[in-house]
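First the structure, in the form of structure tokens, and then the observations on it.
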2 protein chains.
Amino acid sequence: MKSNEIKEAALKYFTIHGYEGASLSQIAEEVGLKKQSIYAHFKGKDDLFLQVLRDAKEAELSSKLHYFSKVDSQNPEKDLYGFLQLVIDLFQKNELLRFWLRMTFFPPAHLRNEIGEEVADIEAKVQSVLEGKFQDWIDAKVIVHDIAKTPTLAFVGVVDSILIELVYVNDEKRLKDKLEACWSVFWRGISHS
Amino acid sequence: MKSNEIKEAALKYFTIHGYEGASLSQIAEEVGLKKQSIYAHFKGKDDLFLQVLRDAKEAELSSKLHYFSKVDSQNPEKDLYGFLQLVIDLFQKNELLRFWLRMTFFPPAHLRNEIGEEVADIEAKVQSVLEGKFQDWIDAKVIVHDIAKTPTLAFVGVVDSILIELVYVNDEKRLKDKLEACWSVFWRGISHS
DNA sequence: TGCTAACTGACGAACGTTCGTTAAGTTGGA
DNA sequence: TCCAACTTAACGAACGTTCGTCAGTTAGCA
């Protein structure tokens, strides 16, 4: 399907150059078309962009939810660390997560509100699942804390710091160091002494 | 000085719309000029951009170094938390940090290398100062860990997660929750039982 | 025969940049 | 003190290019 090829090329250029910096002619050329031919598949630049955005959102959400649906052990150490690995994998395997991060951090001004809603949606869902898991672990007394929200937000913070490291330079060594550092301090911070 | 007015307007538009999305005519209009007049003060768009970038780098670096130069107590709990507050302040008080984050996370493609060097420079300096402090605290046995690098990177991770929260939505309530969560878990992770 | 996807051609608008010119301000020597 | 030489900041006009978009046309396939 040509539409998907166009979306793939669009993903690439939007990720590298941002919404304003990506041009339809570049995207079209990437798949051997003239820019006007894109209009046979999409209403325009915004339409193309929003379709790619929703693909990215869908991919990220389903990956994360799928991971937690497989996880029902009482071993948070393994499961949480595995989630960090999943995020790293997601980021390095395809461009969707990098695209998603760029566009949610710094959205094109005229689509700010639309994108903000998508972000709030996915954010709430992931955090809700995560908080449920933490509550289970607290009830099973395998980690400390009285309310689940604290370790949940702290763990999201660890994910954030890994994401920043990935976006920033993606130096394999630095990433490994930071992951180990953040993880070990975090784990000491929520587990029984 | 008109140059500074132009740089201020440029900072604003670069921050909101990114390098490619910001136009010289908008920037000029903001200060009551035509876009051609900008060329009386700067060689071109790149020159203007890079001058703003270096201002932003300078502002961030000196703020952080100045903070740590004042700090020589043996009370990491106060000093580290104070640093988080400083970062939040920096972000909310002026646009320089937001600009810096946007341009270092997702630099304009043709200036990628130049910006990368600036990032490596500031990153190394801040981390070096931070690591020295942590080493002092370790030596004084006021926090745990054998090597200073681990708590340093973990703390940088806490800063990262706060920055992400600031960039993402800047909801005052959410920010406070996340700060408290990340901080309390981090502190438990590096302090004695 | 239609339908789809690609094409060509053209559109107005905006982009960053350069040019030559003007008006105002500064400087330096007679 | 006065005037000429120079500098500075801003301008209008235009440059070539690219942008996103629309209209009309053609080729291939069901």
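Throughout, protein chains are lettered first and strands after them, A, B, ... in sequence-line order, and every chain is numbered starting at 1.
Atoms CZ and CD, from A:Arg54 and A:Glu118 in turn, are 5.0 Å apart once rounded to the nearest 0.5 Å.
Closest contact between the side chain of B:Leu24 and the listed nucleotides C:dT17, C:dC7, D:dT21 involves C:dT17. Checking D:dC11, D:dG20, C:dC7 against every side-chain atom of A:Lys34, the shortest atom distance belongs to C:dC7.
Atom pair B:Glu29:CD and D:dG12:P shows a separation of 13 Å (rounding to whole Å applied). Atom NE2 in B:His17 sits about 14 Å away from atom P in C:dA14, given to the nearest Å. Distance B:Phe14 CZ to C:dG16 C1': 12 Å, rounded to the nearest Å. Rounded to an integer number of Å, the gap from B:Ile27 CD1 to C:dA14 C1' is 14 Å. Atom CG in B:Leu33 sits roughly 17 Å away from atom P in D:dT8 (whole-Å rounding). In this structure, A:Lys2 atom NZ and C:dT4 atom P are separated by 18 Å, rounded to whole Å. Rounded to an integer number of Å, the gap from CZ of A:Phe42 to P of C:dA6 is 11 Å. As rounded to whole Å, 16 Å separates atom C1' of C:dT8 from atom OH of A:Tyr39.
Using a 30° and 60° split on the angle between ring planes, B:Tyr19 and B:Phe14 fall in the parallel class, below 30°. Ring geometry, A:Phe105 versus B:Tyr168: the interplanar angle exceeds 60°, so the pair is classed perpendicular (tilted spans 30 to 60°).
Here A:Ser37 reaches the OP1 or OP2 of C:dC7: one of its side-chain N or O atoms lies under 4.0 Å away. When the side-chain nitrogen and oxygen atoms of B:Ser23 are compared with OP1 and OP2 of C:dC15, one or more of them lie within a distance under 4.0 Å.
In terms of polar N and O atoms assigned as donor or acceptor, the side chain of A:Lys35 comes within less than 3.5 Å of the base of D:dG20 in a complementary pairing. Judged by distance alone with a 3.5 Å cut-off, a donor-acceptor contact links the side chain of A:Gln36 to the base of C:dG9.
Residue-level contact check: B:Ala22 touches the backbone only, with heavy atoms under 4.0 Å from sugar-phosphate atoms and none from bases.
Closest non-hydrogen pair, B:Glu30 versus B:Ala9, comes out as CG-CB, 3.6 Å.
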